[in-house]
Amino acid sequence: MAPKGSRLARQTLKNVRKDPEAAHQLADWHLDGEEGLVRNLSLWLRWETEAAERGCIDAQGALGDAYLLGDNGVEVDLVVSTKWFRRAALQGDAVSTFNMGLAFQDGTGVEVNFSTAADWYRKAMSLGSLKAMQNLGGLLDEGRPGLMQDCKAAVELYRKAIERGSVDAMENLGHLLMEGRPGVPQDCKAAAELYSKAIERGSVDALWGMGLLYDEESKDDHGILEDNLTTALSYWQRAAYMGHAGAAREIGRAYWLGRGGYKESLKLAKKYTRIATAQGDEEAIERLEEMTTCANCGTGDAPKVCGGCKNVHYCNKKCLLLHWRDHSDPHKPECTASAHSLAAAKKKRSTRVCTACGAHGAKMLCSDCLYEGDPKRKVRYCDAACQRVHWHHPADPHKALCGGCAYDKEEFESRVEARTERNTRMADLERALKQEHPPLA
């Protein structure tokens with residue numbers, strides 16, 4: 001029986017025994033379903049393994065990635081992943097050599113050894129790896145067990161990486177100069193210049209660092225250019241829109257305390273703080289608990305909010321009334337509810353919850369979702385800022401499931417085409433039914 005696939009695929013199959021690159025090519029075709037071959041992950045693994053065993057660098061790197069990430073039907077196995085990266089690295093592959101350094105730095109598949117990680121990074125640098133240069137600079141900048149701190153060498157590595165256009169190196173060198181290190185004096189102006197260049201290239205961390213240069217409260221940890229909280233918050237506001245947890249936390253604090261020209265608003269304070277808590281920011285988690293503490297009894301995570309000012313939390317109506325009758329507390333004279341009926345406090349909260357920050361009353365729907373079931377289950381957001389934050393959150397499955405950003409463009413187009421065909425068939429059926437049963441005159 002003749003083998004399936006195109007003529008090129010059949011010819012490649014004949015050359016497998018002579019050329020390991022042919023086995024790797026067959027594996028790629030089985031993975032992508034090209035050259036008349038059906039997508040088959042088992043055959044991909046078979047041909048990729050055969051090519052890797054016979055010394056194909058690309059196949060070794062592909063298997064290392066697959067076992068590292070659990071892709072292409074392969075279960076995660078960090079030891080096997082490291083084995084394939086090592087074999088490719090020993091043949092001079094720059095990416096696999098960098099991955100070996102990363103493995104020893106993070107302890108994926110091997111024991112943590114920063115000295116060995118630095119050696120692998122140096123080898124990767126000699127092969128032209130920019131990421132290895134940045135990571136080695138980070139290790140020497142901070143100093144790790146078994147690896148002596150060498151800030152001057154770190155600065156040299158950062159500057160070489162910047163010459164090659166590395167935005168991460170601009171951020172790292174800016175942090176180093178802002179804080180100062182042994183052998184490297186503090187230079188806030190130079191740090192600001194580096195941050196400005198990184199901001200022009202879209203760096204979020206540089207916006208955060210630039211804000212720190214104007215924040216007097218953090219001057220004990222690093223140098224500042226001047227005390228200007230308004231300028232600091234302007235940089236952090238931009239960073240918060242781009243999903244930076246620390247910036248969102250500080251903007252929330254500004255709304256909570258009315259700092260830097262921000263009008264005091266518990267609603268907005270909780271909104272931004274929740275953006276930070278969604279990313280695991282511990283300080284934001286503690287602050288959110290403090291924001292939602294009952295003003296009467298001190299119980300955390302109080303669900304009720306004062307119906308007038310919206311800035312004070314209570315456990316229930318009983319706590320609200322007890323606190324309202326406490327004349328020593330300034331809440332009552334300051335609260336706008338004193339001019340309104342207490343019935344406003346019973347107003348129902350909306351069940352439309354923002355998927356990003358958890359705030360109620362979210363009206364904005366994700367415009368790209370292809371979900372056509374119950375509209376109540378669609379993804380909702382407070383505004384475009386929450387949508388951007390949620391969109392770039394690595395732990396949430398929405399991006400992978402949303403039709404508007406399917407990783408596979410062809411898959412997304414096929415889904416849209418299928419939906420269009422279905423709608424067309426339904427329209428044709430309705431026209432046919434109207435022709436068979438015309439309405440009465």
Salt bridge Glu250-Arg253, side-chain N to carboxylate O under 4.0 Å: yes
Glu226 atom CD, over 12 foreign heavy atoms within 6.0 Å: yes
Carboxylate-amine/guanidinium proximity below 4.0 Å for Arg259 and Glu217: yes
Glu282 vs Arg287, salt bridge (charged side-chain N to carboxylate O under 4.0 Å, His left out): CA-CA, chis, key distance, verdict: CA-CA 9 Å; Glu282 295 182 359; Arg287 189 168 295 164; over 6 Å; no
Arg159/Glu163 ion pair, N-O < 4.0 Å: no
Gly101 versus Ala117, closest heavy-atom pair with distance: O-CB, 3.4 Å
Salt bridge (Lys or Arg N to Asp or Glu O under 4.0 Å) involving Arg86 - partner list, sequence neighbours excluded: none
Neighbour count above 12 (heavy atom, 6.0 Å) for Lys197 NZ: no
Basic-acidic side-chain contact under 4.0 Å: Arg46, Glu48: no
Residue pair Gln105 / Phe114, side-chain heavy-atom distance below 4.5 Å: yes
Within-4.5 Å side-chain heavy-atom neighbours: His175 and Tyr195: yes
side-chain hydrogen bond (donor to acceptor under 3.5 Å, both in side chains) partners of Asp141, counting only residues at least two apart: Arg181
Salt bridge flag under 4.0 Å for residues Lys152 and Glu156: no
Pair Tyr121 and Phe98, ring centroids less than 6.0 Å apart: yes
Minimum-distance pair of heavy atoms, taken over all atoms of Met242 and Val204: CE-CG2, 3.3 Å
Evaluation steps, side chain to side chain donor-acceptor pair (under 3.5 Å), between Gln237 and Tyr262: CA-CA 11 Å; Gln237 183 77 62; Tyr262 280 65; 2.9 Å; yes
